[in-house]
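To find a chain, count down the sequence lines: A is the first, B the second, and so on, and within it residues start at 1. None of these values were measured; they are calculated from a predicted model.
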2 protein chains.
Amino acid sequence: MEHRCENCIIRQFNSLRALNKEELKKVSDSKTSKRIKKGDALFIEGQKLDGVFCVRNGVSKLSKLSSNGKEQIVKLTNRGEIMGQRSVIAEDFTNLSATAISDMEVCFIPKEVISNILNTNPYFSLEVLRHMAHDLKEADDVIVNMSQKTVKQRLAEAFIYLKNNYGEDENGFISLTLSRDDYANIVGAATESLIRMISEFKKKGLIKTEGKKIGIVQECTLQELADGF
Amino acid sequence: MEHRCENCIIRQFNSLRALNKEELKKVSDSKTSKRIKKGDALFIEGQKLDGVFCVRNGVSKLSKLSSNGKEQIVKLTNRGEIMGQRSVIAEDFTNLSATAISDMEVCFIPKEVISNILNTNPYFSLEVLRHMAHDLKEADDVIVNMSQKTVKQRLAEAFIYLKNNYGEDENGFISLTLSRDDYANIVGAATESLIRMISEFKKKGLIKTEGKKIGIVQECTLQELADGF
DNA sequence: TCTAAAACATGATAATTGTCAGTTTTTACA
DNA sequence: TGTAAAAACTGACAATTATCATGTTTTAGA
């Protein structure tokens with residue numbers, strides 16, 4: 001037997017908390033659980049989704065391929081987030097691809113169930129709206145950073161963001177391990193440029209590395225760097 | 001006597017079309033109309049809004065100041081759009097400033113009225129949600145463009161976007177006239193760099209200028225340029 | 001209509017970032 | 001566990017874009 005949404009803590013972190021008992025039962029009865037392996041895709045840009053994903057565990061990247069073939073990571077999802085909402089609500093193709101960055105456990109909820117609740121429960125709509133408002137604000141911030149900050153500043157910011165959002169292990173390394181390529185695709189730079197910058201940060205003693213793992217050594221200096229001194 | 005929302009065509013273009021008669025009456029009774037002069041602000045980043053603006057006429061820019069003091073324009077609003085929704089829904093400070101780019105006529109609707117309808121009319125919430133989903137998608141596209149395209153590509157794209165969205169006059173100039181500074185703040189570049197690029201485009205016969213006015217001469221070539229050949 | 005301020009424009013130069021070419025290290029898996 | 005592929009890294013160089021300095025044109029308003 002699978003988990004029941006009624007008993008799932010994750011729900012408290014997303015818009016599903018606005019559901020009443022009957023709605024929750026409907027969701028729980030219709031949902032399916034999936035395990036996604038690191039590197040596998042949840043969905044791909046341009047696809048039509050017939051439901052949303054509720055992330056129980058693991059991290060994924062939302063990215064978009066630009067015409068020159070380079071990937072841009074727009075957002076990393078956290079535990080508890082719902083993915084694919086935008087596409088289901090707008091009845092539109094996904095504009096982003098979602099790929100697991102670590103092994104994931106997700107629940108898939110069919111769109112009919114979601115649409116149905118959206119049409120009848122204004123509190124749920126409002127909750128979804130609040131989350132989307134938050135995403136929109138963050139997207140605006142990213143736009144400003146992309147155009148006004150240097151790659152160096154954006155990288156410094158990324159390290160701090162990752163530390164704050166995913167924590168660090170007992171040795172002071174950021175828990176979420178990303179490839180250099182992923183880092184490049186987050187800050188929007190060539191991989192070689194990014195690798196060089198990591199070397200530079202390391203040489204200056206701002207960060208430490210061990211294989212792919214990266215640890216923040218001087219958070220204050222890094223923050224100052226991100227803010228442009 | 002002011003205009004009544006019941007008779008306002010603008011409504012059809014935004015989420016207010018989901019309102020029923022009573023709701024519409026409430027909105028109409030509580031709204032106030034305002035004229036905003038070109039260059040004046042509707043609201044400023046960090047402010048708390050106690051309502052939303054419905055744009056009857058005119059164009060405004062939504063922008064954000066970055067830490068280095070440069071402005072980044074995140075979005076231009078069109079006729080019919082509702083502004084300030086995000087802030088009212090999230091009960092948050094505005095993250096953007098709104099400034100009139102042309103003379104504007106707007107209606108201000110107090111947030112209590114909006115919140116009230118959001119809480120009771122799921123169709124309205126859903127409409128707002130759809131609009132916000134659309135904005136979010138556009139924001140994602142801007143992020144990708146900002147990080148993957150060159151200034152030249154972004155500028156070419158901006159010209160085409162402006163032509164398609166605001167049309168052109170009888171002489172083939174884009175109807176919406178922006179300052180070079182505004183153009184720079186849209187594509188995220190230094191004003192000098194942008195001016196140079198306009199000169200270059202003009203020299204190549206892609207565009208024509210007359211004072212501030214800019215007209216597209218070779219749309220196809222411009223489009224190819226935007227796509228990276 | 002005169003005048004100061006703002007916007008526009010251009011050149012020279014420097015800083016940032018990307019590209020290409022190649023080497024070394026790590027990883028996956030047959 | 002050996003090996004091919006992928007990822008990480010480095011150097012040299014080129015392209016893009018920003019900055020500073022300065023001159024010209026346009027605009028707003030006294």
Colleague: Under a 4.0 Å N-O cut-off, is there an ion pair linking B:Arg196 with B:Glu192?
Modeller: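 Here B:Arg196 does not pair with B:Glu192 in a salt bridge, since their nearest N and O are not under 4.0 Å apart.
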Colleague: Distance check, rounded to the nearest 0.5 Å: A:Ile143 atom CD1 versus B:Lys75 atom NZ?
Modeller: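 One finds 10.5 Å between CD1 of A:Ile143 and NZ of B:Lys75.
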Colleague: Report the residue (A:Lys202 or A:Ser147) whose heavy-atom-nearest nucleotide on DNA chain D is the more 5′ of the two.
Modeller: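 Whichever sits nearer the 5' end wins; that is A:Lys202.
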Colleague: Indicate yes or no: at least one non-hydrogen side-chain atom of A:Met104 is less than 4.5 angstrom from one of A:Val55.
Modeller: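 The answer is yes; the side chains approach within 4.5 Å.
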Colleague: We want to know whether B:Asp169 and B:Ser175 form a side-chain donor-acceptor pair, criterion being a heavy-atom distance below 3.5 angstrom.
Modeller: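 There is no such pair (donor and acceptor under 3.5 Å, judged by atom type) between the side chains of B:Asp169 and B:Ser175.
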Colleague: Can you work out whether A:Gly211 or A:Lys152 has the more 5'-proximal nearest nucleotide on DNA chain C?
Modeller: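 In this pair, the answer is A:Lys152.
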Colleague: Whether the B:Ser147 and A:Gln72 side chains hold a donor-acceptor pair (N or O, under 3.5 Å, no angle test) is what I'd like checked.
Modeller: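 Side-chain D/A pair, B:Ser147 to A:Gln72: present.
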Colleague: Hey, where on DNA chain C does chain B first and last touch, going 5' to 3'? Cut-off is any atom under 4.0 Å from a heavy atom.
Modeller: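 Terminal contacting nucleotides, 5' to 3': C:dA7 to C:dA12.
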Colleague: Taking atom types as modelled, is there a side-chain donor on B:Ser60 or B:Thr77 under 3.5 Å from an acceptor on the other?
Modeller: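 There is such a pair between these side chains.
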Colleague: Distance check needed: D:dA15 C1' versus B:Glu200 CD, whole Å only.
Modeller: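 Between C1' of D:dA15 and CD of B:Glu200: 13 Å.
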Colleague: Mind listing the residues from residues 172-181 of chain A sitting with a heavy atom below 4.0 Å of DNA chain C? Number order is fine.
Modeller: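 Close to the strand, none.
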Colleague: Indicate yes or no: does A:Lys61 engage A:Glu71 in a salt bridge with an N to O separation below 4.0 Å.
Modeller: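 Judged by the 4.0 Å cut-off on N to carboxylate O distance, A:Lys61 and A:Glu71 do form a salt bridge.
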Colleague: Could you give the distance from CZ (B:Phe43) to CZ (B:Phe108), rounded to the nearest 0.5 Å?
Modeller: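 So the CZ of B:Phe43 and the CZ of B:Phe108 are separated by 10.5 Å.
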Colleague: Using atom CD1 of A:Ile101 as one end and atom C1' of D:dA7 as the other, report the distance to the nearest whole Å.
Modeller: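 Going from A:Ile101 (CD1) to D:dA7 (C1'), I get 16 Å.
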Colleague: What nucleic acid atoms does A:Ser199 come within less than 4.0 Å of, heavy atoms only: base, sugar-phosphate, or nothing?
Modeller: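 It contacts sugar-phosphate atoms only.
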Colleague: Apply the side-chain hydrogen bond (donor to acceptor under 3.5 Å, both in side chains) test between B:Lys137 and each candidate in A:Thr94, A:Asp92, A:Asn95; give the one that qualifies.
Modeller: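 So, applying the side-chain hydrogen bond (donor to acceptor under 3.5 Å, both in side chains) to B:Lys137 and each of A:Thr94, A:Asp92, A:Asn95, only A:Asp92 qualifies.
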Colleague: Rounded to whole Å, please give me the gap between CG in A:Asp182 and P in D:dA7.
Modeller: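 A:Asp182 atom CG is separated from D:dA7 atom P by 10 Å.
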Colleague: Base, backbone or nothing for each nucleotide of nucleotides 19-30 of chain D, written B, S, -, heavy atoms under 4.0 angstrom, 5' to 3'?
Modeller: BB----------
Colleague: Are the side chain of A:Asn145 and the backbone N or O of A:Lys149 linked by a donor-acceptor pair below 3.5 Å?
Modeller: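 Not a single qualifying donor-acceptor pair exists.
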Colleague: Taking atom types as modelled and ignoring hydrogens, do the side chains of B:Thr209 and B:Lys202 form a donor-acceptor contact shorter than 3.5 angstrom?
Modeller: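 Per modelled atom types, B:Thr209 and B:Lys202 side chains form a pair under 3.5 Å.
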Colleague: May I have the distance from B:Lys149 (atom NZ) to D:dT17 (atom C1'), rounded to whole angstrom?
Modeller: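 Value for this atom pair: 18 Å.
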Colleague: What is the distance, to the nearest angstrom, from the CZ atom on B:Arg154 to the C1' atom on D:dT16?
Modeller: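 After rounding, the reported distance stands at 11 Å.
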